[in-house]
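Worksheet: one structure, shown below.
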Amino acid sequence: MPACPIRRRYDTGDDIPRPLSDIERDVIARLLSVPFPGHDELRAQLPFATVEGSCGCGCLTVNLAVDRAAAPATVLSGAPVSADISDDEFYAGIVLLVDGEGYLCCLEVHSIGDEPVRRLPPVEQINARRQR
């Protein structure tokens, strides 16, 4: 499994690194509620995760860093879980990425359209699924 593939796109600012926001934490927890190999270990990493960068376009994608005091996960894919989200205003996708060492590395939020995703629906509306 390669290193986190999207890191090169991220900008850092004065507020980086920072703790996860409530919505970021809730979305990641929702994605990790889906059973797949390594999901228990990744859930255990969540309290150790911080944001170390954000996408320069202004969307909600963030790079994650996990304190190595947390145990790594053995996953079958660098993108083990994802979700499609939509409402009357947009259609988008969310992918949780894991680096080659078994740590959370990115919450990728991508738009299917011209505008970047600037808000997420309530987590109850996010239907996560294991990647195949």
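On a predicted model such as this, the values are computed, not experimentally measured, just so you know.
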| remark: Rounded to the nearest 0.5 Å, the CG atom of Asn127 sits from the OG atom of Ser82 at a distance of 11.0 Å

| said: Quick check against the 3.5 Å criterion: does Ser111 have a side-chain atom that pairs as donor or acceptor with the backbone of Ala92? | reply: no

| query | For Pro116 and Cys59, which heavy atoms make the closest approach, and how far apart are they? | reply | CB-CB, 3.6 Å

| request: Rounded to the nearest 0.5 Å, what's the gap from SG on Cys57 to CZ on Arg118? Could you check? | output: 6.5 Å

| Closest heavy-atom pair and its distance - Asp99, Cys105 | N-SG, 3.6 Å

| request: Determine, stepwise, if the pair Val51 / Leu20 fulfils side chain to side chain contact (heavy atoms under 4.5 Å, CB included). | output: CA-CA 6 Å; Val51 172; Leu20 292 168; 3.7 Å; yes

| message | Return the CG to CG distance between Asp26 and Leu31, rounded to the nearest 0.5 Å. | response | 11.0 Å

| request: Would you check if the side chain of Glu108 reaches a backbone N or O of Leu96 as a donor-acceptor pair within less than 3.5 Å? | output: no

| Would you say Gln125's side chain and Pro122's backbone share a donor-acceptor pair under 3.5 angstrom? | no

| query | What distance separates Leu107 CG from Arg25 CZ, expressed to the nearest 0.5 Å? | reply | 12.0 Å

| task | Take Val34 and Arg129 through the test side chain to side chain contact (heavy atoms under 4.5 Å, CB included) and record every step on the way to the result. | result | CA-CA 6 Å; Val34 173; Arg129 68 183 176 282; 5.7 Å; no

| request: Ignoring hydrogens and angles, tell me if any N or O in the side chain of Arg30 forms a donor-acceptor pair with the backbone of Glu124 under 3.5 Å. | output: yes

| Polar side-chain atom of Arg119 near backbone of Val117 as donor-acceptor pair, under 3.5 Å | no

| request: Could you check Glu41 against Thr74 for side chain to side chain contact (heavy atoms under 4.5 Å, CB included), going step by step and ending with a plain yes or no? | output: CA-CA 8 Å; Glu41 294 87 350; Thr74 301; over 6 Å; no

| query | Can you name the one residue among Ile126, Thr61, Asp84, Ile28 that meets side-chain contact (heavy atoms from CB on, under 4.5 Å) with Ile94? | reply | Ile126

| query | Do the non-hydrogen side-chain atoms of Leu64 and Cys106 ever get within less than 4.5 Å of each other? | reply | no

| message | Is any side-chain heavy atom of Leu76 closer than 4.5 Å to one of Phe36? | response | no

| message | Check this for me: does any side-chain nitrogen of one of Arg43 and Asp40 sit under 4.0 Å from a carboxylate oxygen of the other? | response | yes

| Nearest heavy-atom neighbours spanning Gln45 and Ala71 | NE2-O, 3.0 Å

| field | Nearest atoms (heavy-atom pairs only) where Gly53 meets Ile16 | value | N-CG2, 3.7 Å

| message | Between Arg130 (side chain only) and Pro35 (backbone N and O only), is there a donor and an acceptor less than 3.5 Å apart? | response | no

| remark: What one should report as the nearest heavy-atom pair of Val66 and Ala70 is CG1-CB, 4.0 Å

| message | So Leu60 and Val27, do their side chains get closer than 4.5 Å, heavy atoms only? | response | no

| message | Working to the nearest 0.5 angstrom, can you tell me the gap between Leu104 CG and Leu46 CG? | response | 7.0 Å

| query | What closest approach, in Å, do Val81 and Gln131 show between heavy atoms, and which atom pair accounts for it? | reply | N-CG, 3.8 Å

